Visitor: 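Here you go, one structure.
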Amino acid sequence: MNDTCTDPETLEQLLARTAMRDRAAFEQLYRQTSPRLFGLCVRMMRDQGEAEEVLQEAFITVWRRAETYNPTLASANTWLTTLVRNRIIDRLRQRRENTSTEAIDLERVPDEAHGPAVRAEASEDYVRLERCLGQLDVKYSRSVREAFFTGATYKELAMRAQVPLATLKSWIRRALMQLRTCLET
Amino acid sequence: MNTPADESADDLRYAEYVLGVLEADERAAVERELAASSAAAATEAQWRERLLPLAEQVAPQAPPERLWVRIRAALDFDSARSGRGLWDNLRLWHWLTLGSGALLAGACAALVFILVHRAAAPPIPFMAATMTEHNGQVGWTATMDIRQARMVVVPAAPQTVQPGRTPELWLVPAGGRPIAVGLISTHAPITLALSANLVARLGPSAHLAVSIEPPGGSPTGEPTGPVVAVGAIGAAPAGIVPATAQLLRTAPQRPA
């Protein structure tokens with residue numbers, strides 16, 4: 001029995017109860033997290049039907065593997081997002097023909113400037129990451145964003161940006177190292 | 001021993017893994033390392049905490065309700081309240097499907113056996129539909145348990161559909177537009193949870209139909225592929241009702 005009806009349960013608690021085969025907790029976890037995760041699936045898969053399939057597979061895995069979640073390694077939110085993103089990326093790797101080949105200019109700020117978070121519910125982690133991304137050279141931060149949201153490989157990104165592979169790799173690697181330093185301070 | 005240079009290269013590779021820029025074989029190699037080394041897993045976890053907040057940039061979008069129905073069906077859940085039962089027992093359904101040609105005979109024999117050995121149960125509203133194909137052969141049968149808001153759909157024999165396509169079940173109310181019920185199988189029984197909206201529309205004036213759709217189901221919410229089987233909904237055949245009710249009532253614990 002769960003008698004903490006006044007306190008909304010954390011995702012960690014829901015995931016723990018899911019690991020104990022509690023279907024009601026699993027449904028609550030789905031209700032709470034699926035809109036955010038589905039938004040990510042649609043953005044990255046660029047196809048509603050495929051996004052639904054990926055999210056379905058991911059939640060089936062959540063039910064079957066909830067007991068492998070280790071709260072000392074990551075938040076439940078991170079665990080779920082990782083699971084979904086890994087499924088998306090695996091699927092994108094299998095479906096090369098669906099990968100975007102649209103040209104991009106990574107050295108220019110896009111029209112829909114991403115800018116720091118404006119949404120009130122943005123987490124501190126997100127605000128800090130945006131601040132650090134904002135301090136990078138535009139081509140570094142754009143490369144990271146493009147990679148994150150398209151799931152594209154180095155090779156695909158270099159082709160789309162029409163820059164040598166080694167150049168693109170160095171942009172992203174420098175971006176990652178600078179982000180690490182910035183986030184640690 | 002790893003040198004600091006190795007560690008820094010690994011650190012970068014795990015960052016690249018989390019970001020998603022590695023090729024499939026490089027990803028597989030990283031995944032093997034993560035499974036083998038807790039230090040590697042901890043380094044990768046740090047990168048996840050650093051980079052994944054970026055996902056918050058995407059506006060949330062509620063998935064269609066059918067997705068939850070499909071997840072429940074795939075996991076063979078029944079209604080969330082009544083936990084476990086024979087209905088959930090994959091092994092039973094598997095056994096019932098053995099020798100798919102003889103499926104209905106086998107299922108009936110099982111039900112009659114139980115009927116003979118148990119007292120008849122009080123009536124529980126059940127409905128059934130036999131969906132026949134254009135050639136007159138039975139494609140799927142559906143039995144609906146109204147009280148528990150679920151339906152089991154059984155192929156009469158393994159069905160052949162185009163590669164990469166999947167059969168989807170629709171409820172067609174009299175004079176209404178089809179409503180998606182869920183994806184069904186070409187070769188195995190599937191249990192689908194029914195929304196209140198669907199249960200309210202089950203009745204003798206409605207039909208069930210099967211169309212052939214892309215994986216994941218119709219992208220438009222309406223049948224997009226050919227309709228291969230149709231059947232009217234009626235009261236479940238005499239004998240099946242009390243026997244099925246008894247099956248549900250005397251359900252043993254689900255095997256772990």
Side-chain angles (χ1 to χ4, degrees), chain A residues 23-24 27 30-31 34-36 38-43 48-53 55-56 59-60 63-64 73-75 77-78 81-82 85 88-90 92-94 114 117 119 122-123 125-126 128-130 133 144-145 147-155 157 172-173 176-177 179-180 183, chain B residues 8 11-12 14-28 31 38 41-42 44-64 66-68 70-75 77-81 83-84 183 213-220 254 256:
Chain A
R23 293 175 181 182
E27 174 160 10
Y30 175 84
R31 300 283 172 211
S34 60
R36 213 172 32 69
F38 188 58
L40 185 66
C41 290
V42 172
R43 168 85 176 258
Q48 179 90 11
E50 286 211 85
E52 287 180 29
E53 277 176 48
L55 196 63
Q56 178 177 344
F59 269 95
I60 288 169
W63 173 255
R64 295 195 171 138
L73 270 185
S75 67
N77 193 15
T78 300
T81 309
T82 302
R85 271 192 95 243
I88 294 173
I89 293 167
D90 289 344
L92 289 169
R93 292 291 178 279
Q94 288 161 6
H114 292 291
R119 274 205 290 279
S123 72
D125 289 341
Y126 174 60
R128 194 166 53 224
L129 179 59
E130 278 292 352
L133 277 166
V144 166
R145 289 181 198 279
F148 188 90
F149 287 114
T150 60
T153 61
Y154 274 138
K155 212 186 291 174
L157 285 171
I172 285 186
R173 286 175 177 169
L176 290 168
M177 290 301 109
L179 277 179
R180 190 180 64 178
L183 290 168
Chain B
S8 144
D11 189 39
L12 200 47
Y14 300 150
E16 291 169 331
Y17 169 78
V18 171
L19 186 60
V21 288
L22 299 181
E23 299 285 340
D25 54 340
E26 296 167 321
R27 285 183 67 76
E31 277 161 10
S38 57
E44 186 254 0
Q46 283 179 337
W47 275 110
R48 286 196 254 154
E49 295 292 342
R50 287 182 192 124
L51 296 179
L52 292 191
L54 197 51
E56 282 183 46
Q57 195 199 297
V58 180
Q61 181 179 342
R66 63 171 174 268
L67 197 58
W68 175 242
R70 276 195 238 144
I71 290 168
R72 283 176 49 144
L75 292 174
F77 283 12
D78 62 2
S79 78
R81 277 180 303 287
R84 46 195 65 173
L183 296 181
E213 301 292 340
S218 160
T220 64
R254 185 197 182 115

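None of these values were measured; they are calculated from a predicted model. Each chain gets a letter, A, B and so on, in the order its sequence line appears, and its residues count up from 1.
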Visitor: Would you say that B/Leu67 contacts A/Phe59 through its side chain, given a criterion of any heavy-atom pair below 4.5 Å between the two side chains?
Guide: no

Visitor: Could you pull out the closest heavy-atom pair between A/Leu176 and B/Ala15, with the gap in Å?
Guide: CD1-CB, 3.8 Å

Visitor: Is the shortest side-chain N to carboxylate O distance from A/Glu52 to B/Arg66 below 4.0 Å?
Guide: yes

Visitor: Enter the distance from A/Phe148:CZ to B/Leu54:CG here, rounded to the nearest 0.5 Å.
Guide: 4.5 Å

Visitor: Under 4.5 Å, counting heavy-atom pairs only, tell me which of B/Gly20, B/Pro63, B/Ala62, B/Gly216 racks up the most with chain A.
Guide: B/Pro63

Visitor: To the nearest 0.5 Å, tell me how far B/Ile71 CD1 sits from A/Tyr30 OH.
Guide: 4.5 Å

Visitor: Taking all atoms of both residues into account, what is the closest heavy-atom pair of A/Ile60 and B/Ala74, and its distance?
Guide: CD1-CB, 3.4 Å

Visitor: Looking at A/Val144, A/Ile89, A/Leu179, which makes the most heavy-atom pairs under 4.5 Å with chain B?
Guide: A/Ile89

Visitor: Assess, by modelled atom type and distance only, whether the side chains of A/Tyr154 and B/Glu16 contain a donor and an acceptor separated by less than 3.5 Å.
Guide: yes

Visitor: For the side chain of B/Glu49 and the backbone of A/Ser75, is there at least one donor-acceptor N/O pair under 3.5 Å apart?
Guide: yes

Visitor: Could you pull out the closest heavy-atom pair between B/Ala45 and A/Leu73, with the gap in Å?
Guide: CB-O, 3.5 Å

Visitor: Is it true that a side-chain atom of A/Arg93 and a backbone atom of B/Leu22 form a donor plus acceptor pair closer than 3.5 Å?
Guide: yes

Visitor: Side chain, backbone, both or neither: which part of B/Pro219 has a non-hydrogen atom closer than 4.5 Å to chain A?
Guide: neither

Visitor: For the atom pair CG (B/Leu51) and CG (A/Leu183), what is the distance rounded to the nearest 0.5 Å?
Guide: 8.0 Å

Visitor: Applying salt bridge (Lys or Arg N to Asp or Glu O under 4.0 Å), name anything that partners B/Glu213, two or more places apart in sequence or on another chain.
Guide: none

Visitor: Identify which part of A/Leu157 has an atom lying under 4.5 Å from any heavy atom of chain B, answering side chain, backbone, both or neither.
Guide: side chain

Visitor: At a 4.5 Å cut-off on heavy atoms, which part of B/Pro214 comes close to chain A: side chain, backbone, both, or neither?
Guide: neither

Visitor: Which pair of non-hydrogen atoms, one from B/Pro53 and one from A/Tyr126, has the smallest distance, and what is that distance?
Guide: O-CD1, 3.2 Å

Visitor: For B/Trp47, which atoms come within 4.5 Å of any heavy atom of chain A: side chain, backbone, both, or neither?
Guide: side chain

Visitor: When heavy-atom pairs shorter than 4.5 Å are enumerated against chain A, which of B/Gln61, B/Arg70, B/Glu31 gives the highest number?
Guide: B/Gln61

Visitor: Give the C-alpha distance, both sets of side-chain angles, the deciding distance and a yes or no for side chain to side chain contact (heavy atoms under 4.5 Å, CB included) between A/Asn77 and B/Leu52.
Guide: CA-CA 9 Å; A/Asn77 193 15; B/Leu52 292 191; over 6 Å; no

Visitor: Among A/Arg64, A/Arg36, A/Gln56, who wins on heavy-atom pairs under 4.5 Å with chain B?
Guide: A/Gln56

Visitor: To the nearest 0.5 Å, how far apart are CZ in B/Arg27 and OG1 in A/Thr153?
Guide: 11.0 Å

Visitor: Would you compute the distance between atom CG of A/Leu40 and atom CD of B/Gln57 and round it to the nearest 0.5 angstrom?
Guide: 10.5 Å

Visitor: What closest approach, in Å, do B/Leu19 and A/Arg85 show between heavy atoms, and which atom pair accounts for it?
Guide: O-NH2, 3.0 Å

Visitor: Pick from A/Gln48, A/Met177, A/Arg180: which one has the most heavy-atom pairs with chain B under 4.5 Å?
Guide: A/Arg180

